[in-house]
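Take a look at the structure set out below.
Note that the structure is predicted; figures quoted are calculated from it, not measured.
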Amino acid sequence: MPFLGQDWRSPGWRWVKTEDGWKRCEPFSPALEDGNNQLNDISHTVILTGDDEDEEIYSTEDCEFAAKKRKKDHFRNNTDSQCFYREKWIYVHKESTRERHGYCTLGEAFNRLDFSSAIQDIRRFNYVVKLLQLIAKSQLTSLSGAAQKNYFNILDKIVRKVMEDQYNPRLIKDLLQDLSSTLCILIRGVGKSVLVGNINIWICRLETILLWQQQLKNLQMNKQVNNGLTLSDLPLHMLNNILYRFSDGWDIITLGQVTPTLYMLSEDRQLWKKLCQYHFAEKQFCRHLIPSEKGHIDWKLMYFALQKYYPIKEQYGDTLHFCRHCSILFWKDYHLAFLLQDTGHPCTASDPNNCLMPVSPQHFIDLFKF
């Protein structure tokens, strides 16, 4: 009978043959590898000199025990260390089968999928930030300790990227505001019983979030020096077409602050009417009509009023995908899909493209609600 691993439909663990038998490979960490190289230079016996005359000789077993303890202390003390998988796809199993026992949790999926590289892709950046924001609002306590540590490591990378590239700081400010509010409630109101780890660690994390908020508040946008064609040099109809491409009202307001011409175009009633019709149904308009002084409907105020009561449509350059046939969650590489006809995961369906569906941030969380 063939050997069945943890799941015969996935690659399973990686194993290495040693003198003592087959051993499973541990996740690789560059920082930990440097520490291991130092330990490997030590011979089979270690001599520790406490006094001038007394010496204690430790055997090989004691040396291995010290090395294992050093590994644990390294991961506990160094919050920047990453010992998580960076997989392009994972199998989402919600029930036990004969081949596999156990369930895939939100924390496990968050650790295994490659979110660290996703934030470097401008198409996936907003998607990851929105997912972190939803987790901060309702799912933070459901994450394991390792997943919570990974959460804050990714958040640290996001803040660093925004400080360097100055890309969409408003989105990160909203995320940090929701996260700080949640932590204040958990630390002061609920208590440490729902938090994994020492309460002092969470207080330090809250202080770090407040520091990030202050840094973003003091962020100064660098003025771009360009002697070529600028946005102001474009004709009015092209500027108007750019504004009609936006799906977020705050982006329209921000662009309108650049020049007086863009401000005039951003106040167009027809522009805000199209934006309201895109995000909201006609029945929702009737419940929250806001007339202007001239008797017309103020569509700009309507948009922000409706936004408080109803969710707006979300648009992302790239998202996670879910295969209904294989129950696999994965990042789709469009370059490989175009050149090599690669679906991004080992699909066995006759027509894989018909089985794929994009996964919104809320849908990602709902996949792991049992």
Side-chain angles (χ1 to χ4, degrees), residues 27 29 31-32 35 69-86 103-116 118-119 125-164 168-219 361-362 364-370:
S29 174
L32 183 60
K69 188 176 185 303
R70 187 180 184 279
K71 290 180 183 180
K72 293 181 180 179
D73 294 339
H74 176 85
F75 285 116
R76 288 173 181 171
N77 298 331
N78 187 8
T79 56
D80 293 332
S81 61
Q82 291 279 345
C83 61
F84 305 108
Y85 297 93
R86 292 187 174 182
Y103 302 87
C104 185
T105 62
L106 176 64
E108 181 184 356
F110 188 78
N111 283 341
R112 293 175 61 187
L113 287 170
D114 191 4
F115 287 101
S116 296
I119 61 175
F125 182 83
N126 292 355
Y127 179 84
V128 177
V129 172
K130 183 61 177 181
L131 178 60
L132 294 182
Q133 188 174 13
L134 293 179
I135 293 177
K137 289 181 178 180
S138 61
Q139 301 295 323
L140 189 62
T141 56
S142 66
L143 299 180
S144 63
Q148 289 176 357
K149 185 176 180 180
N150 192 27
Y151 180 94
F152 283 94
N153 284 336
I154 295 176
L155 184 59
D156 180 47
K157 292 182 180 181
I158 289 176
V159 175
R160 291 181 183 179
K161 179 178 176 59
V162 173
M163 296 298 295
E164 294 175 0
N168 208 345
R170 177 177 57 85
L171 194 63
I172 313 305
K173 291 179 182 179
D174 295 340
L175 166 60
L176 295 178
Q177 181 61 38
D178 292 336
L179 183 58
S180 61
S181 301
T182 301
L183 288 184
C184 288
I185 294 174
L186 293 176
I187 293 175
R188 298 175 184 176
V190 180
K192 64 180 181 180
S193 58
V194 297
L195 297 174
V196 179
N198 194 302
I199 190 66
N200 295 325
I201 297 177
W202 288 97
I203 294 176
C204 292
R205 286 173 175 171
L206 181 58
E207 292 176 351
T208 303
I209 294 172
L210 297 178
L211 178 61
W212 288 338
Q213 288 179 317
Q214 188 63 32
Q215 291 176 349
L216 291 174
K217 184 178 180 181
N218 299 331
L219 179 63
Q362 185 60 52
F364 177 86
I365 295 177
D366 294 339
L367 280 175
F368 304 99
K369 288 184 178 180
F370 306 117

| said: Please report the interatomic distance CD1(Ile209) to OG1(Thr182), rounded to the nearest 0.5 Å. | reply: 9.0 Å
| query | Could you state the interatomic distance from CH2 (Trp202) to CD (Gln148), rounded to the nearest 0.5 Å? | reply | 3.5 Å
| request: Mind checking the CG-NZ spacing from Leu216 to Lys173? Nearest 0.5 Å is all I need. | output: 6.5 Å
| task | Provide the closest heavy-atom pair for Leu131 versus Pro361 in the form atom of the first, atom of the second, distance. | result | CD1-O, 3.8 Å
| query | What distance separates Leu175 CG from Leu134 CG, expressed to the nearest 0.5 Å? | reply | 10.0 Å
| task | Report the relative orientation of the aromatic rings in Phe110 and Tyr151; use parallel for angles under 30°, tilted for 30 to 60°, perpendicular for over 60°. | result | tilted
| field | For the student: nearest non-hydrogen atoms of Phe125 and Ile119, plus distance | value | CD1-O, 3.3 Å
| Leu155 and side chain to side chain contact (heavy atoms under 4.5 Å, CB included): which partner among Thr208, Val129, Leu176? | Leu176
| field | Between SG on residue Cys204 and CG on residue Leu211, distance to nearest 0.5 Å | value | 12.0 Å
| Do the side chain of Asn150 and the main chain of Ala146 share a donor and acceptor less than 3.5 angstrom apart? | no
| request: Given salt bridge (Lys or Arg N to Asp or Glu O under 4.0 Å), test Glu164 with Arg160 step by step and report yes or no. | output: CA-CA 6 Å; Glu164 294 175 0; Arg160 291 181 183 179; over 6 Å; no
| task | Drop me the distance from Leu206's CG to Cys184's SG, to the nearest 0.5 angstrom. | result | 4.5 Å
| query | Any side-chain heavy-atom pair from Val162 and Leu171 closer than 4.5 angstrom? | reply | no
